[in-house]
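Below is one structure, written out as structure tokens, with a few remarks after it.
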Amino acid sequence: MGKEKKVLSGEKYVFSNDSQKIEILEAAFDYRGDVTLELVQGQTIEGYLFNRQLTKAPFFVEMLLPGEESARRIPIEEICAVTFSGKDPADGKSYEAWKAKKEKERREEAKKIESEMKQAGLLD
Amino acid sequence: MALTFFLFFFILLFTMVPLSQVWTVASYVIGKKLKGVKRYPLVLMLEPLFRCNLACAGCGKIQYPDHILNRRLTPEQCWAAAEECGAPIVSIAGGEPLVHKEIDRIVEGLIRMKRYIYLCSNALLLKKRLDLFKPSKYLTFSIHLDGLKEEHDESVCREGVYETAVEGIKEAVKRGFRVTINSTLFDGANPERVRAFFDEAMRLGIEGIMVSPGYSYQKAPDQEHFLQRNKTKELFKQILKDRKKSWKFNLSPLFLEFLQGNIEYDCTPWGNPTYNVFGWQKPCYLLQDGYAKSFKELMESTPWEKYGFRSGNPKCANCMVHSGYEATAVNDTFGSWRGFAKTVKATLSL
């Protein structure tokens, strides 16, 4: 994954080296949806990755899991893959819907005014 | 003697907030200065939840999965954070604090601790929840209003919000609560409309106005309307020219000078430390570069030199938000007689 590529929900990354692992975990920290970590022992953990320490020892990520009150700290050497499993709530879709609604209303208002002006003989 | 005179004169400058609040803040800051404390917090930004009943275009605070939005800080966690941090002012933000079922207990406890609280709310629930609170010099409702009806409803992406907020403000003022408004301005703001909005806001009987340019949150839905630094200065120059006597600001005079480009400041990211369901946020209220378990860890482990306008950090390049610069302005006022004189001059020129 290059820096220029935006992470999309649903993507899975199996680490091939340490620098890629750091890069993907940093992207997971930046991601506003849940992620699923695959651990080397075969276990999976799904939750929100809200903190990380990737540049100095001890190297770890921290997650909040649904239904668990306390955060879990996971050493990064135990992680072998990350899936961006949850939808991204920061994808701007609700705002796009609001903008589209306002745009539709403005177009309808313009049409209404145009029609009234025509009826009043002020527009051809 | 000189110190007493200094404090007394400063109090005279800021009569829009209770004298006890001015005294508390002034003596706190001067106490830190006398002890030689280089970095100290001024306002605790407390986010007891991220859940909000609005989804504003310029907000990057609330985009989380449901299980995160459903989390709450307990009153005990909030009080412990206030104790640990020690800042004389606590701004309760979020999310929408009035959605929190124990917000009244949180506020009561902070009042017992004699903290001056700014409860930031969009006021959609204010009228309904007002009975939970008692008027106090320690409690101010800081209501989010970004402009007149058209601009505000556009900013919060829902119609009718302005009217509901105004009703809530009127009711709170009528019942004797301290009320301010907080406004965030974005690119495209019309200075004349903003001035008309200030007139309208003051007519509601509020104590004062807080105004700030919006921070360009990477996670905010609308990425097109954040102000660049030069545009911010130009906009505030136009808004604040021939400032009306009726406008009262809950901001320091030097911060207003900074917004107009009359003073250059760097950010004080530790001035408004932020505590939320993840812990102590590094480095500031607006950026999320990680979390610390304690306030002490936040202060000692954050590489502060990597943040602020002068650091060259691109995330800080266009930020002129009060959460970063108000503390700088206050520090300037108390840092030297020259800074204090600047404050007097800026105040007298209002």
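None of these values were measured; they are calculated from a predicted model. Every chain is numbered from 1, with letters handed out A, B, ... down the list of sequences.
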| said: Taking atom CD as the centre, does A:Glu69 end up with more than 12 heavy-atom neighbours from other residues, nucleotides or ligands that are less than 6.0 angstrom away? | reply: no
| request: Please check if atom CD in A:Gln41 has more than 12 non-hydrogen atoms from other residues, nucleotides or ligands closer than 6.0 Å. | output: no
| note | Nearest heavy-atom contact between A:Pro89 and B:Pro65 is CG-N, 3.9 Å
| Who wins among B:Arg158, B:Glu159, B:Arg71 for the most heavy-atom pairs under 4.5 Å with chain A? | B:Arg71
| What heavy-atom pair brings B:His67 and A:Leu64 nearest, and what distance separates the two atoms? | CE1-O, 3.3 Å
| Per-residue contacts, residues 276-294 of chain B versus chain A, heavy atoms under 4.5 Å | B:Val277, B:Phe278, B:Gln288, B:Asp289, B:Gly290, B:Tyr291, B:Lys293
| message | Is A:Arg32 close to chain B through its backbone or its side chain, or both, or neither, when contacts mean heavy atoms under 4.5 Å? | response | both
| Should we count NZ of B:Lys231 as having more than 12 external heavy atoms under 6.0 Å? | no
| field | Separation of A:Gln53 CD from B:Ser301 OG (nearest 0.5 Å) | value | 8.5 Å
